[in-house]
Amino acid sequence: MDREKIDYTVAVSQIQELAKIDAHYMPLLANVSALLNDMLSDVNWVGFYIMKNDQLVLGPFQGKPACVHIKPGEGVCGTAVQDKKTIRVDDVHQFPGHIACDTASRSELVIPMFNRYTDVNACEMPPEFAVRNIIGVLDIDSPTIGRFTQEDQEALEKIVRALESVVVKFDRKRDNKN
C-alpha cells in the first residue's frame, strides 16, 4: 500500500495548540476528529464515543451517521472497552459481532481513552497501580482491508494519551464546581 508518510508529531503539536484555545473536551474532540480525518488517507469515519451510564455514546465525528449507543463487549468499540486495550482489525468482516454502521468499512482501529487521575492524584499512588477507567474511545474506519499499521496504532495511541490529560483536567474543573 503506497501512502504518504504521516508526521504524527505535527498532529500532536496541533492538538496541544487546540487544547490551549478551549480546554473543554467536546470542542477539542470535534476538532481532533476533523484534523485526523483530514490528515489520514483512506479513511471513511473518524470519531469519538464517550462513556456515559456504562455504555459508549456517540461523540464528535467525521463521516456517515453512526451508531448512537454501544454496550461494552459489542462490536470493535465495545470490545476495546471490555478488554481495556486498543484493537486493530484488518478485516472487520472477520471480527465476530462487528457493528456495520457504514457497509463500506473494511478495517478499523479503536483506541480507548482512560481516566487515570482518580486514584493516582487522590491517593498519591504510582500510575501503574491506578484504576484505568474508560472515558471513551477513538474509532477510525477505512474502506481498505489492512489499512492501519503498527506505526499508525502507536502514533494514534500517543495522540489519545495527550487527549486524556485534557479530558481529565476538564473533569476536575467540573467536579470542583459541584
Side-chain angles (χ1 to χ4, degrees), residues 1-15 18 25-26 28-52 54-115 132-164 166-167:
M1 183 181 321
D2 290 335
R3 288 194 321 255
E4 185 176 319
K5 188 158 176 67
I6 299 165
D7 186 351
Y8 284 104
T9 57
V10 171
V12 169
S13 96
Q14 287 177 320
I15 289 165
L18 288 169
Y25 73 94
M26 204 57 79
L28 178 61
L29 296 182
N31 277 326
V32 170
S33 64
L35 176 71
L36 292 175
N37 188 59
D38 187 55
M39 181 181 84
L40 298 169
S41 63
D42 200 25
V43 296
N44 59 331
W45 203 92
V46 177
F48 295 90
Y49 282 90
I50 308 301
M51 284 299 291
K52 185 169 180 150
D54 297 322
Q55 65 179 334
L56 291 168
V57 178
L58 182 64
F61 71 95
Q62 301 281 309
K64 290 185 177 181
C67 304
V68 176
H69 301 276
I70 301 174
K71 293 178 184 172
E74 292 183 351
V76 181
C77 290
T79 302
V81 167
Q82 179 179 278
D83 295 348
K84 293 186 175 186
K85 67 178 188 178
T86 297
I87 298 181
R88 187 175 75 227
V89 180
D90 288 334
D91 185 352
V92 295
H93 296 291
Q94 303 304 312
F95 189 90
H98 173 253
I99 300 169
C101 294
D102 183 347
T103 57
S105 292
R106 294 302 305 271
S107 59
E108 188 167 359
L109 178 63
V110 177
I111 304 168
M113 294 190 304
F114 297 101
N115 178 347
R132 290 167 40 107
N133 298 316
I134 301 279
I135 55 176
V137 298
L138 168 62
D139 181 16
I140 307 175
D141 295 2
S142 171
T144 302
I145 291 176
R147 158 61 181 90
F148 303 103
T149 65
Q150 182 67 31
E151 181 184 1
D152 291 325
Q153 178 179 329
E154 290 170 3
L156 289 162
E157 285 173 335
K158 287 178 184 173
I159 288 171
V160 168
R161 299 294 82 85
L163 287 172
E164 288 169 343
V166 174
V167 174

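One is the number of the first residue; the rest follow in order along the sequence. Note: hydrogens, waters and symmetry copies are ignored here, and every other heavy atom, side chains too, is used.
When side chains are defined from C-beta on, Phe95 counts as touching Val89, because their heavy atoms get closer than 4.5 Å. Counting only heavy atoms from C-beta outward, the side chains of Lys84 and Phe114 approach each other to under 4.5 Å. Between Asn31 and Leu35, every side-chain heavy-atom pair lies at or beyond the 4.5 Å cut-off. Between Ile135 and Met51, every side-chain heavy-atom pair lies at or beyond the 4.5 Å cut-off. Within the 4.5 Å cutoff, no side-chain heavy atoms of Tyr25 are placed close to those of Val32.
Evaluation of the side-chain hydrogen bond (donor to acceptor under 3.5 Å, both in side chains) rule for Ser107 yields no partner, not counting sequence neighbours. Take Ala100 and apply the side chain to side chain contact (heavy atoms under 4.5 Å, CB included) test, not counting sequence neighbours, and it matches His98. In this view, Glu157 and Thr86, Ile111, Gln153, Glu154, Arg161 satisfy the side chain to side chain contact (heavy atoms under 4.5 Å, CB included) rule, not counting sequence neighbours. Scored by the side-chain hydrogen bond (donor to acceptor under 3.5 Å, both in side chains) test, Thr103 finds no partners at all (sequence neighbours excluded). Residues satisfying the salt bridge (charged side-chain N to carboxylate O under 4.0 Å, His left out) criterion with Asp91, sequence neighbours excluded, are Arg106.
Here the CH2-CD distance, from Trp45 to Glu108, works out to 8.5 Å after rounding to the nearest 0.5 Å. Note that CD1 of Ile15 is 9.5 Å distant from CG of Leu29, once rounded to the nearest 0.5 Å. The structure places CE of Met113 at 13.0 Å from CG of Asn133, a figure rounded to the nearest 0.5 Å.
Across all their heavy atoms, Ser33 and Gly47 have their closest contact at CB-CA, 4.2 Å. Across every non-hydrogen atom of Ser105 and Asn44, the tightest pair is OG-ND2, 3.2 Å. Residues Ala80 and Pro112 approach most closely at O-CG, 3.9 Å, considering heavy atoms.
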For a side chain to side chain contact (heavy atoms under 4.5 Å, CB included) check, start with the C-alpha distance between Ile159 and Leu36, then their side-chain angles and the critical distance, and finish with the verdict. CA-CA 10 Å; Ile159 288 171; Leu36 292 175; 4.1 Å; yes
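Under a 3.5 Å cut-off, the side chain of Asp139 and the backbone N or O of Phe48 do not form any donor-acceptor pair. A donor-acceptor pair under 3.5 Å is formed between the side chain of Asp152 and the backbone N or O of Thr149. Of the possible polar contacts, none joining the Asp83 side chain to the Lys85 backbone as a donor-acceptor pair under 3.5 Å is found.
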Only pairs under 3.5 Å count here: list side-chain donor-acceptor contacts from residues 55-76, not counting sequence neighbours, and write none if there are none.
| from | atom 1 | to | atom 2 | distance (Å) |
| --- | --- | --- | --- | --- |
| Gln55 | NE2 | His69 | ND1 | 3.4 |
| Glu74 | OE1 | Lys71 | N | 3.4 |

